[in-house]
Amino acid sequence: MPYRMVLAIALLCVMATGAHAASAERTRGVVSYDDVRIDFIVEGAGPLVVLLPSRGRGSLDFDTIAAGIAQAGFRVLRPQPRGVGESRGSVTGLTLHDFARDMAALIRHEGGGPAVMVGHAFGNWVARMTAVDYPDLVRGVVIVAAAAKAYPNGFAAAKELSESVRKAGDSRLPDEERLKYLRMAFFAPGNDPTPWLAGWYHEVDEMQFAAGRATKQSEWWSGGNVPLLDLQGADDPFKPRAMMNEMREEFGDRATVAVISNASHALIPEQPAAVIDAIVAWMRKRAP
């Protein structure tokens, strides 16, 4: 057998063994307080990292990047939002402070951190709220695919984008129609949106939308006083290019901006390797 073929087979065996080991290390846990029960996935060992999904979605969206971050030497927690998996709790009359309290209970359960909070889209609101309310438990915030703080004057697409988000997750609509909205709001040209036809939770989306509306932006926007990584998709319609440096302009050296090409608002399923590399590099430098 030629040497190159032997080498290739050996490499595949090593990769398969590593993937199996990483999968075997992935476990589930539950943390409870009052009437709240938070189901979470945990993997890896090292400094704590918490991954928070976007609105109306669950933490299984992070399978690939959770494994990559864990393999880089971090302990990765993926809490399921209330209403997803085994997570339970009140779903009415909530604010982002309630979700931050859930995260604080989780971090304390896992030793108190402090943790880097990684929030995708709506998840970054919860990540920043946690950093504001519980500064002793958070050492940094990664803001993944966040919308602009306010759209520039004359930005005509805001209403259309909001409608696209709602319809993309509406399982009552035909798949072809939903794919149109997924391409419009979430996926860059050429990237496959079909995996995101699944994984939506309508009731969770409504709960989170209401909690966001019940919380003033000024309460969570700062992310406390910890280092911030603003991780953007170059084609994200929710972050017009005119606004790409808004975090640096407002927070100075506390904020780092990184832009990933060929990615939109979904970002994580579009460019998982680039997302892993950017987050790990930033944590090692700014939030070890």
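Because the structure is a prediction, the values reported are computed rather than measured. We number each residue from 1, following the sequence as shown.
Side chain of Arg139 to main chain of Pro288: a donor-acceptor pair is present (N/O by atom type, distance under 3.5 Å, no hydrogens or angles). Panel note: side chain Ser264, backbone Ala266; no donor-acceptor pair is recorded below 3.5 Å. With Arg178 contributing its side chain and Leu197 its backbone, the two residues share a donor-acceptor pair below 3.5 Å. Looking at Arg82, its side chain does come within 3.5 Å of a backbone N or O of Ser90 through a donor-acceptor pair. Distance alone, capped at 3.5 Å, is enough to place a donor-acceptor pair between the Thr215 side chain and the Leu96 backbone. At distances below 3.5 Å, not a single donor-acceptor pair connects side-chain atoms of His202 with backbone N or O atoms of Gly56. Proximity of a side-chain donor or acceptor of Asn191 to a complementary backbone N or O of Asn262 within less than 3.5 Å is detected. Checked by atom type and distance alone, the side chain of Asn124 pairs as donor or acceptor with a backbone atom of Ala121 at under 3.5 Å. Between the side chain of Arg128 and the main chain of Trp220, no donor-acceptor pair closer than 3.5 Å is present. A donor-acceptor pair under 3.5 Å is absent between the side-chain atoms of Asp34 and the main chain of Val36, judged by distance alone.
A salt bridge links Arg166 with Glu163: the closest approach of a Lys/Arg side-chain nitrogen to an acidic carboxylate oxygen falls below 4.0 angstrom. Under the 4.0 Å criterion applied to side-chain N and carboxylate O atoms, Arg248 and Asp230 are not assigned as salt-bridge partners. Residues Arg78 and Asp61 are not paired through a salt bridge, judged by the lack of any N-O separation under 4.0 Å between the basic side chain and the carboxylate. Note on Arg28 versus Asp39: salt bridge recorded, some NZ/NE/NH1/NH2 to OD/OE distance being below 4.0 Å. Of the charged side-chain nitrogens involved, at least one lies within less than 4.0 Å of a carboxylate oxygen, so that Lys149 and Glu250 count as a salt-bridged pair.
Under the 6.0 Å distance and 45° angle rule, Arg57 counts as a cation-pi partner of Trp196.
Atoms CD and CZ, on Gln80 and Arg88 in that order, are 10.5 Å from each other to the nearest 0.5 Å. Distance check, rounded to the nearest 0.5 Å: CG of Leu106 to OH of Tyr33 gives 11.0 Å.
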Please test Trp125 against Gln208 for side-chain contact (heavy atoms from CB on, under 4.5 Å), starting from the C-alpha separation and ending with a verdict. CA-CA 10 Å; Trp125 297 13; Gln208 292 173 330; over 6 Å; no
Between Gln232 and Arg241, does the side-chain hydrogen bond (donor to acceptor under 3.5 Å, both in side chains) criterion hold? Intermediate values first, please. CA-CA 10 Å; Gln232 306 172 14; Arg241 291 301 83 195; 3.1 Å; yes
Tell me, with the steps shown, if Arg101 and Asp98 meet salt bridge (charged side-chain N to carboxylate O under 4.0 Å, His left out). CA-CA 5 Å; Arg101 191 177 302 116; Asp98 295 293; 3.0 Å; yes
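When the options Ile268, Val118, Ile260 are evaluated for a side chain to side chain contact (heavy atoms under 4.5 Å, CB included) with Leu231, the one that passes is Ile260.
Side-chain contacts under 4.5 Å among hydrophobic residues (ILVMFWY), followed directly or transitively, place Val257 together with Met244, Val259.
Between His265 and Phe186, the angle of the ring planes lies from 30° to 60°, which puts this pair in the tilted group.
Surrounding CG of Asp253 are at most 12 heavy atoms belonging to other residues, nucleotides or ligands under 6.0 Å away.
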